[in-house]
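In what follows, chains are A, B, ... by sequence order, proteins preceding strands, each numbered from 1.
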Amino acid sequence: MGSYEVKKGVRMKNLQVSWMFRQIADLMELKGEPSYKARAYRKAAKTIESLPVSIEEYSRGDRLLELPGVGVNLARKIKEILETGRCSYLEQLKEEVPPGLLDVLQVPGIGTKTAVVIYRSLGITSLDELERQARAGKLREIPRLGRRLEEKILAGIEFVKRKDGRVLLGWARPVAEGLAAALREEPAVEGVALAGSVRRWRETIGDIDLLAASREPDRVMNFFTGLPVVERVLARDSTTSSVVVETGFQVNLRVVEPRSFATALQYFTGSVDHNLQLRRLATEKGFKLSEYDLEDADGGKVLIREEAEIYARLGLPFIPPELREGRGEIEAAIEGQLPRLVEPGDIKGDLHVHTRWSDGACEIEEMVEAARKKGYQYLAICDHSKSLAVANGLDEKRLARQREVIAELNQRYDDFTVLAGVEVDIRKDGTLDFPDEVLGELDIVVASIHTGFGQGREEITRRVFAALDHPLVDILAHPTGRLMGKRRGYEVDLEAVIARAAEKGKVLEINASPDRLDLSDVYVRKAVQQGVPVVINTDAHSIYALDDMVFGIAVARRGWCEKGDVINTLPVVELLEWLGGRRRGLK
DNA sequence: GCCGTTTTCGGCCCGACTGTTTTCAGTCG
């Protein structure tokens with residue numbers, strides 16, 4: 001029996017420190033301290049929250065000063081927070097500045113200056129107070145504010161209250177692609193591209209950003225705002241239009257001169273952090289990069305036809321949009337260490353789908369035909385196991401029958417392999433829903449949690465460990481169980497799960513279902529860094545959901561995955577060899 | 001408050017939009 005230790009709240013400390021630093025930054029600005037000081041705190045906050053290990057390790061080893069943006073002063077404050085859970089400087093600031101102003105600051109249209117002005121003139125220190133006074137028409141009476149800003153603030157308060165105004169990529173992306181296709185129909189349009197987070201394939205999207213090149217912007221804007229799907233036009237001029245489409249998304253279209261298209265695309269793709277770093281690099285190299293053009297040291301404009309030329313001019317290989325999150329991609333590019341990202345064409349099969357045998361909508365044969373049409377070499381049928389009664393989970397008998405059906409089906413194909421698998425439930429006590437003799441007969445075993453979401457961090461992590469330790473388990477499916485927009489995942493300690501998977505040679509799933517995308521990109525990167533292979537599965541419950549694969553691929557790419565990190569890029573012979581090897585190793 | 005083989009001092013991304021202003025500050029991406 002090995003020692004069991006859950007690294008409790010590994011990243012919580014990091015979040016605590018960065019959250020406090022962000023508060024300090026805001027409060028400093030409210031207090032009127034110079035902005036470069038506040039910026040220093042924000043920079044350190046960002047470093048710390050995206051640190052792959054606990055800040056405590058840096059503190060213990062007296063290595064805090066190694067962190068970019070952390071100097072003597074911030075190191076001292078970090079130590080204080082780690083040791084006492086408090087930060088006296090933050091507390092002092094809260095004495096000097098009403099902390100409620102931090103909420104006021106969340107309202108779009110209100111920055112630190114405005115927050116201070118409305119505080120000084122009306123004594124407003126909370127969102128509720130702000131809303132009352134705005135409704136009463138008091139804000140417009142303040143010098144330099146006015147009616148328009150008051151309206152904007154009221155709308156902003158609504159937005160903050162509605163909170164997470166983001167939608168799933170799985171909804172936004174098709175809308176964005178449809179609108180882009182529609183725009184290509186307009187003859188005045190010389191080029192169209194998705195930009196912003198939808199181009200970077202972020203898991204959720206605020207607004208959809210589109211970019212078009214045209215010499216006749218007004219014609220393009222007329223066409224765009226007149227599209228049948230456009231429900232409401234929020235704003236429009238000859239450079240930008242913002243509309244709400246019938247699905248409720250806000251879509252922004254920017255139209256630029258064709259010669260600025262590539263630089264604009266780079267700029268509007270973001271992320272902000274990526275662009276910031278790229279501009280800094282440009283400056284170092286004597287260039288000036290803006291959304292309009294790239295200027296060399298003499299102020300001459302460098303002709304840029306393709307986005308890749310921008311990177312090339314700065315001495316970098318092309319950085320795919322999925323990597324542009326300011327998570328070290330520019331450094332990696334400089335050092336020639338960018339990953340060769342996995343691509344859709346690399347995927348040879350899907351190792352987790354359902355059929356009507358449990359809660360799927362299609363027959364095995366339909367799923368297989370659909371997978372063949374996609375050019376796959378294999379498909380693993382992994383229906384639910386018996387304890388998941390709500391999903392019509394299979395018992396031993398039905399599972400055995402299903403295996404026979406699959407065996408018959410395999411007789412019919414010489415170009416396709418159907419794997420007999422199961423998505424076996426990890427029960428509340430960590431045991432699996434089938435005995436070893438049953439699991440041992442299958443080609444592949446996918447294990448996952450569907451019950452007992454309320455278990456504590458330690459308990460549920462131990463439960464996942466039990467599955468990872470089981471010799472017959474190949475894949476851990478949707479490792480956190482989250483359903484975005486519906487429920488949070490369980491409190492599993494993912495850092496520990498990744499380490500355990502590495503130790504036990506298990507595969508972690510990237511579930512491609514748009515509301516799961518579980519593992520998420522950051523953890524995918526951690527997993528592959530530690531040598532844990534991943535698999536991109538759709539968990540399809542119908543033939544249509546097989547198409548969700550792209551969203552999983554995007555997550556893998558955002559997690560810096562190369563083809564070799566993803567097991568369902570293996571051709572069928574090698575996949576079978578690999579699975580067989582695992583099983584032989586048991587004997 | 002941090003950072004640097006171009007600087008240990010003097011910088012810290014750049015540009016557009018908004019609203020209110022008569023020349024610009026504040027906010028945003």
Side-chain angles (χ1 to χ4, degrees), chain A residues 21-22 24-48 64-78 89 93 104-118 139-153 155-156 159 195-197 199-200 202 206-209 211 234-242 250 252 254-256 260 263-264 266-295 297 314 324 326 330:
Chain A
F21 278 7
R22 284 184 195 283
I24 288 173
D26 285 346
L27 289 168
M28 285 174 92
E29 284 189 336
L30 289 168
K31 196 186 153 194
E33 298 274 355
S35 60
Y36 54 80
K37 286 197 182 186
R39 195 163 29 206
Y41 278 90
R42 289 201 184 96
K43 181 170 192 274
K46 186 156 177 52
T47 302
I48 293 163
L64 288 172
L65 293 175
E66 292 173 16
L67 298 170
V70 176
V72 182
N73 280 290
L74 292 192
R76 193 185 310 128
K77 292 190 175 77
I78 293 170
Y89 182 50
L93 282 169
V104 173
L105 217 47
Q106 298 308 308
V107 177
I110 297 186
T112 47
K113 308 288 178 180
T114 310
V116 169
V117 168
I118 58 180
L139 294 188
R140 72 182 72 162
E141 294 167 10
I142 300 173
R144 296 199 70 88
L145 271 61
R147 176 188 287 270
R148 301 291 294 274
L149 192 62
E150 189 174 80
E151 285 168 10
K152 193 176 168 185
I153 287 172
F159 180 82
S197 51
R199 181 168 183 235
R200 302 198 312 276
R202 267 193 63 174
D207 301 335
I208 294 173
D209 290 308
L211 182 70
L234 299 173
R236 77 148 278 181
D237 57 33
S238 57
T239 61
T240 310
S241 288
S242 293
Q250 181 172 331
N252 308 312
R254 290 186 180 79
V255 180
V256 298
S260 288
T263 43
Q266 195 290 315
Y267 178 78
F268 289 116
T269 296
S271 65
V272 171
D273 286 328
H274 176 84
N275 286 356
L276 204 142
Q277 292 174 30
L278 196 67
R279 282 183 183 208
R280 203 188 295 279
L281 180 68
T283 310
E284 280 170 25
K285 302 233 170 197
F287 291 97
K288 201 173 86 178
L289 177 62
S290 75
E291 65 237 59
Y292 301 105
D293 43 49
L294 182 68
E295 272 180 27
L314 301 179
R324 300 185 198 168
I330 292 183

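Separating the CD atom of A:Glu150 from the P atom of B:dG19 is a distance of 13 Å, rounded to the nearest angstrom. Distance CZ (A:Arg236) to P (B:dC17): 15 Å, rounded to an integer number of Å. Straight-line distance from the CG atom of A:Leu278 to the P atom of B:dC14: 13 Å, rounded to whole Å. Regarding A:Lys288, its NZ atom lies at a distance of 9 Å from the C1' atom of B:dG15, rounded to whole Å. When the P atom of B:dG10 is taken as reference, atom NZ of A:Lys37 falls 17 Å away, rounded to whole Å. In this structure, CZ of A:Arg39 is placed 11 Å from C1' of B:dG1, rounded to the nearest angstrom. Separating the CZ atom of A:Arg148 from the P atom of B:dT20 is a distance of 8 Å, rounded to the nearest angstrom. Note: OH (A:Tyr292) to P (B:dG15) measures 9 Å, nearest angstrom.
Rounded to whole Å, the separation between the C1' atoms of B:dC12 and B:dG19 comes to 28 Å.
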| query | Which letters describe nucleotides 21-29 of chain B, given B = protein heavy atom under 4.0 Å from base, S = only from sugar-phosphate, - = neither? | reply | ----SSSSB

| remark: Readout for nucleotides 2-9 of chain B: B = base within 4.0 Å of protein heavy atom, S = sugar-phosphate only, - = neither; 5' to 3' it is SS------

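Interatomic distance, NZ of A:Lys43 versus NZ of A:Lys46, reported as 11.0 Å (0.5 Å rounding). For the atom pair NZ of A:Lys285 and CZ of A:Arg280, the computed distance is 15.0 Å after rounding to the nearest 0.5 Å.
Neither side chain, A:Ser271 nor A:Asp273, offers a donor N or O lying under 3.5 Å from an acceptor on the other.
In summary, A:Arg42 and A:Glu29 engage in a salt bridge, as defined by a charged side-chain N under 4.0 Å from a carboxylate O.
Pairing for B:dG10 goes to B:dC3, judged as Watson-Crick or G-U wobble with the two contacts each under 3.5 Å.
A distance-only check finds no donor-acceptor pair linking the side chain of A:Ser242 to the backbone of A:Asn252 [under 3.5 Å].
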